[in-house]
**Q** 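Here you go, one structure.
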Amino acid sequence: MISTIGSKTVEVVRAAGRFGHFVGDLARATADVGTWPRLTVVQMRRIGVDSLPVALFIAAFTGIVLALQASYTFTGTVPLYIVGTVVGKTMMLELGPVLTGLALGGRVGASVAAELGTMKVTEQVDALETLAYDPHSYLVLPRVIAGTTMVPIVVALGIATGLLTGWLASLVLLDLSTAEFVKGLKFLYRFKDTWFGLFKSATFGFTITLVGCIVGLATRGGAEGVGRSTTRAVVYSAMLILVLDAFWAMILL
Amino acid sequence: MIEFRDLHKGFGPKPVLTGFSLQVRDGETLVIIGYSGSGKSVALKHIVGLLHPDAGEVIVDGRAVASLDRAGLTEVRRDIGYVFQFAALFDSMTVAENVALGLRRRALAEDEIAERVREALALVDLTGTDDRLPAELSGGMRKRVGIARAIALRPRYILYDEPTTGLDPVTSAVMDQLMIRAREHLGVTGVVVTHDMRSAYTVGDRIAMLYEGRIRQVGTTAEIQDTEDPVVRQFIEGRPS
Ligand SMILES: Nc1ncnc2c1ncn2[C@@H]1O[C@H](COP(=O)(O)OP(=O)(O)O)[C@@H](O)[C@H]1O
Ligand SMILES: [Mg+2]
C-alpha cells in the first residue's frame, strides 16, 4: 500500500519533471525565429478553419436553449428582459468558452495528437532532428501559439453567434422585444465578462494544443499507439479544461 | 571514425544493449547484422544522439555524442546522413522539398540548394520525380528519396537502417548498388543495419553481429562467411534452431 503510494508519487513527480522540461525546451525554442513564425501562420489557418463550423454550430444552439430556459425559469417572477442578461452572461463567462473548448479538445487536440503521433512512430520526428531541426520549434511551438491565439477568436465568434440566436429566439419564440433583450444584455454587464471569457479561452487553446503535442510526441507502438494517443489527448484536455475553468473562477472572479 | 565504447541501454527493466563496443573505420562500409528486436536501430540512434546511453559512450571523430550541447550535436549531425527504415519522408512535402529540407537549415543560396537536390535525385536514379508526393511513390522509391535526402547534405557518414527490408529482390539489389555508388562517388563511410545476408555480403567490407546486447563477432565479409561460431553460423545460414 505504502509502496504503491510511493511509486505513484514518484511517477507523478517524474511526469511533472518531464512536463517542466518540455516547457523549458519550448521556451528555448522561441529563439529559433527562422522556423516557427512561418509555420505558425499555417497552423493558425488550419486550427481556425477546423474549429469554426463546430464552434458556431454549438454556440447557435446554446444561445437558443439559454433564452428558452431563462424564460421558463423567470416567467412570472422577474421582468423578462432578464433573459438577455442570462444569455449574455452565460455565453460570455461560461458556455461559450467551455463548450467550445471541449469540442475543440475533441477536434484540434485529437488531430494534433494523431498527426504528431504518426510522425513519431514513422520516425519523421527523428528525421527532423537529424536534419538539424528542433521539433519544439518546428512542430510544437507553431501549434501551441496558433491554439492560444485562434481559440479565443473562435470563441468570440461563437459568443456573438450565441447572442444572435438568443436574441432571435427571444423575438420569435418568446414575446420579447429587441429593446428589452438589449436592455437585459446591458443590465449588470461588466467589461470583465468579456475579457474573462476570452482569457479563459486562450488558456484552453494553449492546453488543448500543448496536450496534443506532448501526448503525440510520446506515442509508441505503431498505428495502435497513435489511436491510444488520440483518445488520451481528448480525455486529458477535457479534464484539464474543466479543472482550469474552476481554477480561473476561483482566482479571477 | 565512429566508436561505440561499452554502450549500455535499456528501456524500463529491459536491457537492450549490454556492453556494445565496435569501431567503424573511415572509408569502410560496416554491416551490423542481428535478429529483429536485438537493438540494431537503438545502437544506430546513439550515433546521432537520438537516444542517450545509460552507460558507455559513442565517439564520433573524437567527440562524445551524449555529452555535447545542442550546438555541438548539430555539428556532429551535419557530418552524418541517416536513412530511416521506412524512409521517414514528410507526407505533406514533395520529393524535392523533402530532399531540400536539411539544406535549408544551412546558409546555402537557393540555386545551390536546387543544384544539390537535382544531383542527389540523379544519383539515386529519381530524376524528374521532384514534384511527386511521397504517397504516390512505391516503397523502394521512397527509400531512394530517403537516401537522396541524406546524400544531399554531403555527409562523411551515412547510416542505413534496414535499407532492403520489405523490398523485392530486384529492388533490394538496386538499393545495394546505390549504397555502393554512394561510397564510390562520395567517399562516405557507411554503417548498414540489416538482417538481409545477401545485401550484407554485397555492400559490406566488414560485418559485425549484434547478439544479446553486445557484438558477438566482427570480421571481414570472408571471415564471417567462414565463421565457426555456432550463433553466427545459424544466423547467416538462416537455420531455425
Ligand atoms: N524508444 C524506445 N522505448 C522503449 N523501447 C524501445 C525503444 N526503442 C526500441 N525499444 C525496444 O528495444 C528493442 C530493440 O529495438 P530495435 O533497436 O528497434 O531492434 P532492431 O534490432 O530490430 O532494430 C526492442 O525490444 C524495442 O521494443
Ligand atoms: Mg530496427
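Every chain is numbered from 1, with letters handed out A, B, ... down the list of sequences. All values below were derived from every heavy atom in this structure, side-chain atoms included, with hydrogens, water molecules and symmetry-related copies excluded.
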**Q** Rounded at 0.5 Å granularity, tell me how far CE in A:M119 sits from CG in B:D91.
**A** 7.5 Å
**Q** Measuring heavy-atom distances to chain B, does A:T130 have an atom under 4.5 Å in its side chain, in its backbone, in both, or in neither?
**A** both
**Q** Measure the CG-CG distance between B:L103 and A:L131 for me, rounded to the nearest 0.5 Å.
**A** 9.0 Å
**Q** Output the distance between atom CG (A:D126) and atom CZ (B:F84), rounded to the nearest 0.5 Å.
**A** 5.0 Å
**Q** Is a side-chain N or O of B:R77 found less than 3.5 angstrom from the main chain of A:A132, in a donor-acceptor match?
**A** no
**Q** Need one label for A:T118: side chain, backbone, both or neither, based on atoms under 4.5 Å from any heavy atom in chain B.
**A** neither
**Q** Under 4.5 Å from any heavy atom of chain A, what part of B:Y82 do you find: side chain, backbone, both or neither?
**A** side chain
**Q** At a heavy-atom separation under 4.5 Å, does B:L101 approach chain A through its side chain, its backbone, both, or neither?
**A** both
**Q** For atom CD of A:E224, is the number of surrounding heavy atoms from other residues, nucleotides or ligands below 6.0 Å larger than 12?
**A** no
**Q** Which heavy-atom pair separates A:Y133 from B:R70 by the least distance, and what is that distance?
**A** O-NH2, 4.5 Å
**Q** Is the number of heavy atoms from other residues, nucleotides or ligands under 6.0 Å of B:Y35 OH greater than 12?
**A** yes
**Q** Just how far is it from atom CD of A:E123 to atom NZ of B:K45, taken to the nearest 0.5 Å?
**A** 4.0 Å
**Q** Output the option from B:V48, B:I80, B:L89, B:D161 having the highest count of non-hydrogen pairs under 4.5 Å with chain A.
**A** B:L89
**Q** Grab the two heavy atoms, one from B:R105 and one from A:D32, that are nearest each other, plus how far apart they are.
**A** NH2-OD2, 3.4 Å
**Q** For A:A127 and B:R149, work out which heavy atoms get closest and say how close.
**A** CB-NH2, 3.5 Å
**Q** Give a yes or no on whether A:F199 atom CZ has more than 12 heavy-atom contacts from other residues, nucleotides or ligands under 6.0 Å away.
**A** yes
